[in-house]
There are 2 protein chains.
Amino acid sequence: MPEATVARLPVYLRALSELSNERITTLSSEDLAVLAGVNAAQVRKDLSHLGSYGVRGVGYEVDYLIRQINRELGLTGDRAVAIVGVGNLGRALANYDGFRGRGFEIVAAFDADPEKVGRSIGAIPIEAVSTLTEVCRRRKVAIGVVTTPKNAAQEVTDRLVDASVVSILNFAPVVLQVPAHVTLRQVDLGVELQILGFYERQASGLAAAGGGREALDAG
Amino acid sequence: MPEATVARLPVYLRALSELSNERITTLSSEDLAVLAGVNAAQVRKDLSHLGSYGVRGVGYEVDYLIRQINRELGLTGDRAVAIVGVGNLGRALANYDGFRGRGFEIVAAFDADPEKVGRSIGAIPIEAVSTLTEVCRRRKVAIGVVTTPKNAAQEVTDRLVDASVVSILNFAPVVLQVPAHVTLRQVDLGVELQILGFYERQASGLAAAGGGREALDAG
DNA sequence: TCCTGTGAACCGCTTCACAGCT
DNA sequence: AGCTGTGAAGCGGTTCACAGGA
């Protein structure tokens, strides 16, 4: 299964779930393409990796497709998630309601600040980072979310790896070093803004190099 | 300039800035590759798009390279940023300190909730979304950050577009429809987790189709 | 010798175009 | 007629491999 396809399936799933709520039962690859912001051929090729679940001349059945994607993404049992670093962002994620019902459950939150340890965010008690490895191992944490300051990120990542966590989502503005068997995804607000800044500058005609370069884009 | 290169330059910049703080003056493409988590040939090719600023047999001069990347990304003047939707995430972003000094300044925050309007986050007053278009236009907002609930996202996006904002960073879990001249970037926590979930499942040997696949990634 | 800069090969993903089924 | 599923072409990006300069 191509990496690019894996990255799009959740987007399809999101769109399909909304259609399902609206009692829409069938849609074409073209419909789904518009909802997901991609090409229709792309949709058909992606879905073909799940098997041949469409009906020629008709389209795809919404609920059935949802089940197939869920199956492929493995959203069957709940996955245990730990949040490391309870700053503004950590709190925001902990309160995010898109976890449960999508197959994820936050089972632990850690912080280095003794002031915070013992308090809780929602129903989740904040524990000391010193206990991270043991607690994560015990609660079978599958996914670690790193929202610490950048100086602490690599250290807590090492501890997560020690606890056999093989999937890490990092919000700290550093490139983490992890063993090859660990899947890492990086979200960096500053980087996103700088990328946008580049295109914004192009669009406003203030490009640095050479003469008037025509820039356009539609991510 | 290839889109993929634009997306990596901010990462190089981040790494170089830290080296600069540590008074390191020179580095090789190999060094930078490790810091950025990419291949050394990649680094050289990317940097070649800026011009030939390396010295054969030696490497690149850190501070000079920083200036060149800054120039290319256009981090010279400050860009005005507006945050729309002051929930947990909006607040987290507003308090994020990576803006100033990286060429970005938050000049406005909006919310639909009358309870919140009139209060402020940090030094930024929260204004009513009904005033969004006018305020953004007046303050020459270049980048809009959407952190509203998903039902409100498309509407506020339309207003941002009306205000001539051509760069939008969306955290709401919907695919926004925008005109072709608008650059859009999407960050969806739920999607990120589901992608990780897929690879985690593969790694733990519970894959649906076929045998054990070795997953690795360093997005 | 060391490291950059870059043509060329390679690779994966996207898109096209159409055969095939309903 | 309509829409899927897919071989094949096209495209952008990555990596290789090495010429060339310090």
Side-chain angles (χ1 to χ4, degrees), chain A residues 1-12 16 19 24-62 64-65 68-69 72 175 180 195 198-199 209 215-219, chain B residues 1-12 16 19 24-62 64-65 68-69 72 175 180 195 198-199 209 213-219:
Chain A
M1 168 96 53
E3 203 172 307
T5 297
V6 172
R8 275 187 302 266
L9 288 179
V11 179
Y12 299 154
L16 290 167
L19 294 182
I24 292 167
T25 58
T26 302
L27 91 173
S28 67
S29 60
E30 176 62 36
D31 297 339
L32 186 49
V34 170
L35 292 171
V38 302
N39 181 293
Q42 184 79 268
V43 170
R44 291 199 297 278
K45 185 139 285 186
D46 285 340
L47 296 184
S48 76
H49 290 293
L50 305 176
S52 293
Y53 298 129
V55 180
R56 291 166 197 240
V58 180
Y60 301 87
E61 210 226 311
V62 174
Y64 189 70
L65 204 47
Q68 295 310 321
I69 297 178
E72 190 65 31
V175 175
I195 294 169
F198 173 82
Y199 289 114
L216 97 163
D217 183 80
Chain B
M1 169 95 53
E3 205 172 306
T5 297
V6 172
R8 277 186 299 266
L9 287 178
V11 179
Y12 299 154
L16 290 167
L19 294 182
I24 291 166
T25 59
T26 301
L27 90 173
S28 68
S29 59
E30 177 61 35
D31 297 339
L32 186 49
V34 171
L35 293 171
V38 301
N39 180 294
Q42 184 79 267
V43 169
R44 292 199 297 278
K45 185 139 283 187
D46 284 340
L47 297 184
S48 76
H49 289 293
L50 305 176
S52 294
Y53 298 128
V55 180
R56 290 166 199 241
V58 180
Y60 301 87
E61 209 224 310
V62 174
Y64 189 70
L65 204 47
Q68 296 309 321
I69 297 178
E72 190 64 31
V175 174
I195 295 169
F198 174 82
Y199 289 113
R213 177 175 160 212
E214 212 83 333
L216 95 160
D217 185 79

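Keep in mind the model is a prediction, meaning the values are calculated, not measured. A, B, ... follow the sequence lines: proteins, then strands. Residue 1 opens every chain.
Rounding to whole angstrom units, CD of residue A:Glu30 and P of C:dT15 are separated by 12 Å. Following rounding to the nearest Å, A:Leu32 (CG) and D:dT4 (C1') show an atom-to-atom distance of 13 Å. Rounded to a whole Å, the CG atom of A:Asp31 is 12 Å from the C1' atom of D:dG2. Taking atom OH of A:Tyr64 as the reference point, atom P of D:dT4 lies 16 Å away to the nearest angstrom. One atom, CG of A:Leu65, and another, C1' of D:dC3, lie 14 Å apart when rounded to the nearest Å. Per the geometry, CD belonging to B:Glu61 stands 16 Å off C1' belonging to D:dA22, to the nearest Å. Computed from coordinates, the B:Glu3 CD to D:dT14 P distance equals 11 Å when rounded to whole Å.
At a non-hydrogen distance threshold of 4.0 Å, A:Arg44, A:Lys45, A:Ser48, A:Ser52 from residues 39-52 of chain A come into contact with DNA chain D.
Checked by distance alone, A:Arg56 brings no side-chain donor or acceptor within 3.5 Å of a matching partner on the base of C:dT22.
In this structure, A:Ile69 and A:Leu50 have side chains that are in contact, with non-hydrogen atoms separated by less than 4.5 Å.
Take the nearest nucleotide of DNA chain C for A:Val38 and for B:Gly59: the residue whose nucleotide is more 5' is B:Gly59.
Listed pair A:Ser29 / D:dT4 meets the phosphate criterion, a side-chain N or O lying under 4.0 Å from OP1 or OP2. Note on B:Tyr60: a side-chain N or O is less than 4.0 Å away from OP1 or OP2 of C:dG5.
Here the CG atom belonging to A:Leu16 is positioned 11.0 Å from the OH atom belonging to A:Tyr60, to the nearest 0.5 angstrom. Taking CG of B:Leu27 as the start and CG of B:Leu65 as the end, the distance is 7.5 Å to the nearest 0.5 Å.
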- request: Check the pair B:Leu9 / B:His49 against side-chain contact (heavy atoms from CB on, under 4.5 Å), numbers first and verdict last.
  value: CA-CA 11 Å; B:Leu9 287 178; B:His49 289 293; over 6 Å; no
- request: Apply the test side-chain contact (heavy atoms from CB on, under 4.5 Å) to residues B:Glu61 and B:Tyr53: give CA-CA distance (whole Å), side-chain angles for both, the deciding distance (0.1 Å), then the verdict.
  value: CA-CA 8 Å; B:Glu61 209 224 310; B:Tyr53 298 128; over 6 Å; no
task: Tell me, with the steps shown, if B:Asp46 and B:Val38 meet side-chain contact (heavy atoms from CB on, under 4.5 Å).
output: CA-CA 11 Å; B:Asp46 284 340; B:Val38 301; 5.8 Å; no
message: Checking B:Gln42 against B:Arg8 for the side-chain contact (heavy atoms from CB on, under 4.5 Å) test, could you report, in this order, the C-alpha distance in whole Å, the side-chain angles of both residues, the deciding distance, and whether it holds?
response: CA-CA 10 Å; B:Gln42 184 79 267; B:Arg8 277 186 299 266; 3.0 Å; yes
